[in-house]
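In listed order, ligands and their atoms are each counted from 1. No experiment lies behind these values; they were computed from the predicted model shown.
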Amino acid sequence: MNDPNGFSRYGGTYHLFYQAYPDGLNWGPIRWGHAVSEDLIRWERLPYALMPDQDYDVGGCFSGTALTWDDGRHMLMYTGCQPDPDDTLGRGLQIQCLAFGDGTTYEKYDDNPVITGDMLPEGGDPYEFRDPKVWREADGTFRAVIANYNRTNGAQILLYRSNDGLHWEYADVLADGEGKPGWMWECPDLFPLDGKYILMAGTMGEVHTICRIGDYDPCCGSFREDCWQSMEQGFDFYAGQTVQTDDGRRILIGWMQNPRTAEYREIDLPINGQMSVPRELQLRDGKLLQTPVRELISYRTDEVVYRNVKLGGEARAEQKFNEIHGRTVDMELQIRPDAGKPYEWFRMRFAEDADHYTEFTYEPETSVATLDRSHAGPGRTDLTRAQAAVRDRGGRLDVRILLDRLSAELFINDGEQVMSAVIYTDRHAEDITFYVKGTAVMNIAKYRIKENK
Ligand code: FRU
């Protein structure tokens, strides 16, 4: 599997569709998988929602989004990949299509496609034109932002509009990629958050997810940026999509994979690809913060707490704690200097056995955090070390670590930074150890994540 799609609330539950290719471990003509959840943590699988079975999407039903239609139907807007016999490079034309359903089964719209390459501005490449994010404005009219590569200007996000959701016209370039990473952007999302708008996208080439924080004006269809930030400092988070909960929270989920390493995998595993833990988004002082969705708290069990423990010093380089181990773990750490005296570094190893570990290090002097999976075992990936410049808090660091069998997600300082990593380490590698050069004081609260609430 790859991208999340159609992340929405419909019929009182969360729906998450996703790019699925069940016939092999690599990417192939892609369909839409479908799962539903009451609480964003436990998911139940439903039948595939879209298959690449029409001449206009036989190359794949690519990514897209969902909304609720006036008559109560669930509408999906997705990119069809239509083979182009005239293209010498064998590429498919990317066109935008609709499907309607009842939350379980979906039927494609008879007049597909609804947006084609003929509706691109000058220079727009019809082979790189995908991933519509569709929504309705307050006046009931429809908008969609779609990713496109412009042969002259590079990455661009295009805005389309429609009065009835079926007949669409090109409106404008909402944003271009000037000065930002990536030769092409994919999977755009545009949503309001705490008084601002966020325009988020996956940036190809330098693979990341970035968000641009600014103002969107629905009347003239323009976006003015205040600043932008990278949303992932680890390895594996891409093609994110958001949904709004009934209580008004904005929740993000992403494909926990780096497209650059998607074809590297542990041969013995029957899966390739997984989703991140859903994250709550917030804007604070102009910065986007991400924290694990609060619903996860009710899956915590077997609490183990250590407070004010001194680590390091002369005594031992490595410290283990009773019952601090496991691979389905939710753990909160606070580290601070001992009596104001700086320590050189703090280090934690997890998914550890005699031969393997993944290592998180923090150096207060430079305030750099490093995640290193070069000893994680199989995976054959060249992306093994990631670094984050962390806000300097005088040696104080808060980290929430989620381990979920083949993954680790680290939320630093209340979600100012997130580092995600797929790790293919054998699941029996369950040790967690701590090291400090110098002396530091640590609080730990560790929980096992249960399968059921
Ligand atoms: C991002 C992406 C999308 C596309 C989909 C195809 O990972 O390349 O742009 O719609 O995957 O599976």
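Separation of the Trp183 and Tyr149 ring centroids falls under the 6.0 Å cut-off. Between Trp69 and Tyr10, the ring center distance fails the sub-6.0 Å criterion. Taking the six-membered ring for Trp and the full ring otherwise, Trp255 and Phe7 have centroids separated by 6.0 Å or more. If you look at Tyr106 and Tyr78, their ring centroids are not closer than 6.0 Å.
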Contacts under 3.5 angstrom, residues 371-379 side chains, donor-acceptor by atom type, not counting sequence neighbours:
from: Asp372; atom 1: OD1; to: Ser374; atom 2: N; distance (Å): 2.8
from: Asp372; atom 1: OD1; to: Ser374; atom 2: OG; distance (Å): 2.6
from: Arg373; atom 1: NE; to: Leu383; atom 2: O; distance (Å): 2.9
from: Arg373; atom 1: NH1; to: Asp236; atom 2: OD2; distance (Å): 2.9
from: Arg373; atom 1: NH1; to: Val422; atom 2: O; distance (Å): 2.9
from: Arg373; atom 1: NH2; to: Leu383; atom 2: O; distance (Å): 2.9
from: His375; atom 1: ND1; to: Tyr357; atom 2: OH; distance (Å): 3.2

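Residues with a heavy atom under 4.0 Å from ligand 1: Asn2, Asp3, Gln19, Trp27, Phe62, Ser63, Arg130, Asp131, Glu186, Tyr238, Trp255.
Between the side chain of Thr209 and the backbone N or O of Glu232, no donor-acceptor pair lies under 3.5 Å.
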